[in-house]
Amino acid sequence: MARLLSTSCSVDMSSSCKLPCHQSYQGSKLFSSSCKLQTSKFPLEKLVLKGNRPERVCMVRATTLPMSQEAKTQPGSGSHQASGGSSKRKRVMVIGGDGYCGWATALHLSNKNYEVAIVDSLVRRLFDHQLGLDSLTPISSIHNRIRRWKSETGKTIQLYIGDICDFEFLADTFESFKPDAVVHFGEQRSAPYSMIDRSRAVFTQNNNVIGTLNVLFAIKEFREDCHLVKLGTMGEYGTPNIDIEEGYITITHNGRTDTLPYPKQASSFYHLSKVHDSNNIAFTCKAWGMRATDLNQGVVYGVRTDETEMHEELCNRLDYDGVFGTALNRFCVQAAVDHPLTVYGKGGQTRGYLDIRDTIQCVELAIANPAQRGEFRVFNQFTEQFSVNELASLVTKAGEKLGLNVETKSVPNPRVEAEEHYYNAKHTKLIELGLKPHLLSDSLLDSLLNFAIQFKDRVDVKQIMPSVSWKKIGAKPKTVAA
């Protein structure tokens, strides 16, 4: 599938790494070839906790290049005209391509004939090891996933393992792959995780803000015409008592009118990191003439896409726990194991939702219709709005049709948020580009519930209840109860 850049083999463990680095690579042949593996100059630190003493974590950096015997380019949606009139494949770098949204996106773009590279530190898998969590679905190693994709489709996805907070690694990756577009999923994406303790709050902000800054500088230095497609979040807006526009709002004040960025009201250290990202990207578009699209995504549900269903080794992860699980996925898993649906507080919290198939469709639309040089555009990426109570009611009805006895339980809200509020967010720009939404239907809920039932033996019921409190976040490192 790929050949490693170096011809000699050495592993640098000089940073006293105590993490079994092979853990994330089991089943792969990464170490069977001649290779050079080294720790990043800026390893992820203070994430593996043993008692009250943080331990350093080594980051393996294995840069890969395609083998020379690649399949010939075929015409498709990933092709575009080069300056000489010949058609070539558009090169898309998917940062965070081993994650929930990133993996589905990488496969979809590859299937659409884009030339795809995944960049990932695999730290999301480490989080599961730290907290005693696991995906509802069994997940193959990233190497086995990519090999299986090649076997099923004949298409190659390049792989770069490393931390984008290490600019040297990122620069090497940009120079090697030369992307036409970068899809940036490579961030710690859980609000509860960012609120566990000080160390996770600091990691979230450092990883997300510095990582994105590095991506911006890499584009400026090495691929100035590259289009950045950044996954933001609807959580940047909060829950204002006025309609939420798409990124900008036109206001009149003291007789003067201007169009300004929509006010942000982030509700966690994670959401705040996304606000910082948006400000940094907007500034670089203005100062450097970059082109960027900020996709303020709603809550994603579902697990199946056309590509992930091709083989069990391509299956996507599905989180149901109180740290990484999203509302609808979590409710369906709870219903499958006869656990009451956990509604936080009054349950009136309303958000935008979308099927994961629409996530990958929106990303493809953004890539195919890039922003102009100097343009920072914002799309609100969701298809429907539901309150938590409405979702619970839908899952209850769908579960009853399958013979499940679904109950709903109100639990104390661990978050600091309005539990009853006005919410009306605009989301027209992606529709105008051609988005064909997969709306939440009885058949989709039935499918998701049956999927949860299929894997219910893998559910750890101790992980279902919320265990992270916004008000009780501490300065000292702590673990989540197993």
Side-chain angles (χ1 to χ4, degrees), residues 1-7 9-12 21-22 24-25 28-44 57-68 70 89-99 101-103 105-107 109-110 114-126 140-150 155-187 207 210-219 221-223 226 228-231:
M1 176 188 68
R3 63 177 176 85
L4 290 168
L5 281 173
S6 56
T7 57
C9 182
S10 66
V11 181
D12 177 8
C21 292
H22 67 277
S24 295
Y25 313 105
S28 75
K29 297 182 180 178
L30 179 62
F31 294 104
S32 64
S33 304
S34 295
C35 61
K36 182 178 181 181
L37 301 178
Q38 66 185 70
T39 55
S40 166
K41 287 188 176 180
F42 303 97
L44 298 171
V57 180
C58 75
M59 177 54 58
V60 176
R61 184 166 75 198
T63 306
T64 61
L65 286 174
M67 295 186 70
S68 58
E70 293 298 334
R89 298 167 68 193
K90 184 176 287 189
R91 304 170 69 84
V92 182
M93 177 186 290
V94 182
I95 301 175
D98 188 45
C101 292
W103 176 241
T105 299
L107 292 190
L109 293 175
S110 178
Y114 290 88
E115 188 165 346
V116 176
I118 285 175
V119 178
D120 205 299
S121 68
L122 307 185
V123 72
R124 176 63 186 86
R125 295 175 184 249
L126 174 61
S140 296
S141 73
I142 185 60
H143 304 88
N144 287 342
R145 281 175 153 188
I146 290 176
R147 275 196 291 271
R148 175 56 60 185
W149 179 247
K150 174 76 171 180
K155 297 177 182 293
T156 297
I157 293 178
Q158 298 182 48
L159 175 63
Y160 298 83
I161 297 174
D163 183 2
I164 65 171
C165 289
D166 175 357
F167 188 74
E168 183 181 348
F169 159 76
L170 187 62
D172 289 346
T173 302
F174 263 75
E175 289 188 293
S176 170
F177 184 67
K178 297 178 173 59
D180 299 304
V182 171
V183 181
H184 186 11
F185 289 103
E187 300 196 312
N207 180 80
I210 303 306
T212 299
L213 268 175
N214 278 349
V215 171
L216 293 169
F217 273 95
I219 292 174
E221 183 71 18
F222 305 109
R223 300 290 290 177
C226 180
L228 174 62
V229 179
K230 170 68 167 57
L231 262 291

Looking at [X] and [Y], what are the two nearest heavy atoms and their distance?
{"X": "Phe185", "Y": "Gly102", "answer": "CD1-CA, 3.7 Å"}
{"X": "Arg223", "Y": "Asp180", "answer": "NH2-OD1, 3.2 Å"}
{"X": "Cys165", "Y": "Gly211", "answer": "SG-N, 3.8 Å"}
{"X": "Leu170", "Y": "Ala218", "answer": "CD2-CB, 4.0 Å"}
{"X": "Met93", "Y": "Phe177", "answer": "N-CE2, 3.8 Å"}

| Would you say Phe169 and Asp163 make side-chain contact, with heavy atoms under 4.5 Å? |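 In short, these two side chains do not touch, never coming nearer than 4.5 Å.
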| field | Any side-chain heavy-atom pair of Val94 and Trp103 under 4.5 Å | value |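 Counting from C-beta outward, Val94 and Trp103 never come under 4.5 Å.
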| task | Say whether, by atom type as modelled, one donor and one acceptor occur between the side chain of Asp98 and the main chain of Asp120 under 3.5 angstrom. | result |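 Looks like no, no N/O pair under 3.5 Å.
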Atom [atom1] of [X] and atom [atom2] of [Y]: how far apart are they, to the nearest 0.5 Å?
{"X": "Cys226", "Y": "Phe174", "atom1": "SG", "atom2": "CZ", "result": "5.5 Å"}
{"X": "Ile157", "Y": "Ile118", "atom1": "CD1", "atom2": "CD1", "result": "5.0 Å"}
{"X": "Leu231", "Y": "His184", "atom1": "CG", "atom2": "NE2", "result": "9.5 Å"}
{"X": "Ile219", "Y": "Leu228", "atom1": "CD1", "atom2": "CG", "result": "4.5 Å"}
{"X": "Ile210", "Y": "Phe167", "atom1": "CD1", "atom2": "CZ", "result": "12.5 Å"}

| field | Positive for side chain to side chain contact (heavy atoms under 4.5 Å, CB included) with Ile95, one of Ile164, Thr173, Thr212, Val183 | value |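 So, applying the side chain to side chain contact (heavy atoms under 4.5 Å, CB included) to Ile95 and each of Ile164, Thr173, Thr212, Val183, only Ile164 qualifies.
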| message | Run the side-chain hydrogen bond (donor to acceptor under 3.5 Å, both in side chains) test against Trp149 and tell me which residues pass, sequence neighbours left out. | response |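 So Trp149 forms a side-chain hydrogen bond (donor to acceptor under 3.5 Å, both in side chains) with Ser110.
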| task | Name all residues meeting the side-chain hydrogen bond (donor to acceptor under 3.5 Å, both in side chains) criterion together with Asn214; count only those two or more places apart in sequence or in a different chain, and write none if there are none. | result |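 Checked Asn214 against side-chain hydrogen bond (donor to acceptor under 3.5 Å, both in side chains); zero matches.
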| said: Before you tell me yes or no, could you show the steps for His143 and Ile161 under side-chain contact (heavy atoms from CB on, under 4.5 Å), namely the whole-Å CA-CA distance, both residues' side-chain angles and the distance that decides it to 0.1 Å? | reply: CA-CA 10 Å; His143 304 88; Ile161 297 174; 3.4 Å; yes
| Under the salt bridge (Lys or Arg N to Asp or Glu O under 4.0 Å) test, which residues partner Arg91, sequence neighbours left out? |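 Counting only residues at least two positions away or on another chain, Arg91 forms a salt bridge (Lys or Arg N to Asp or Glu O under 4.0 Å) with Glu115.
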| query | For Glu175, which residues count as a side chain to side chain contact (heavy atoms under 4.5 Å, CB included) partner, sequence neighbours excluded? | reply |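 Counting only residues at least two positions away or on another chain, Glu175 forms a side chain to side chain contact (heavy atoms under 4.5 Å, CB included) with Asp172, Phe222.
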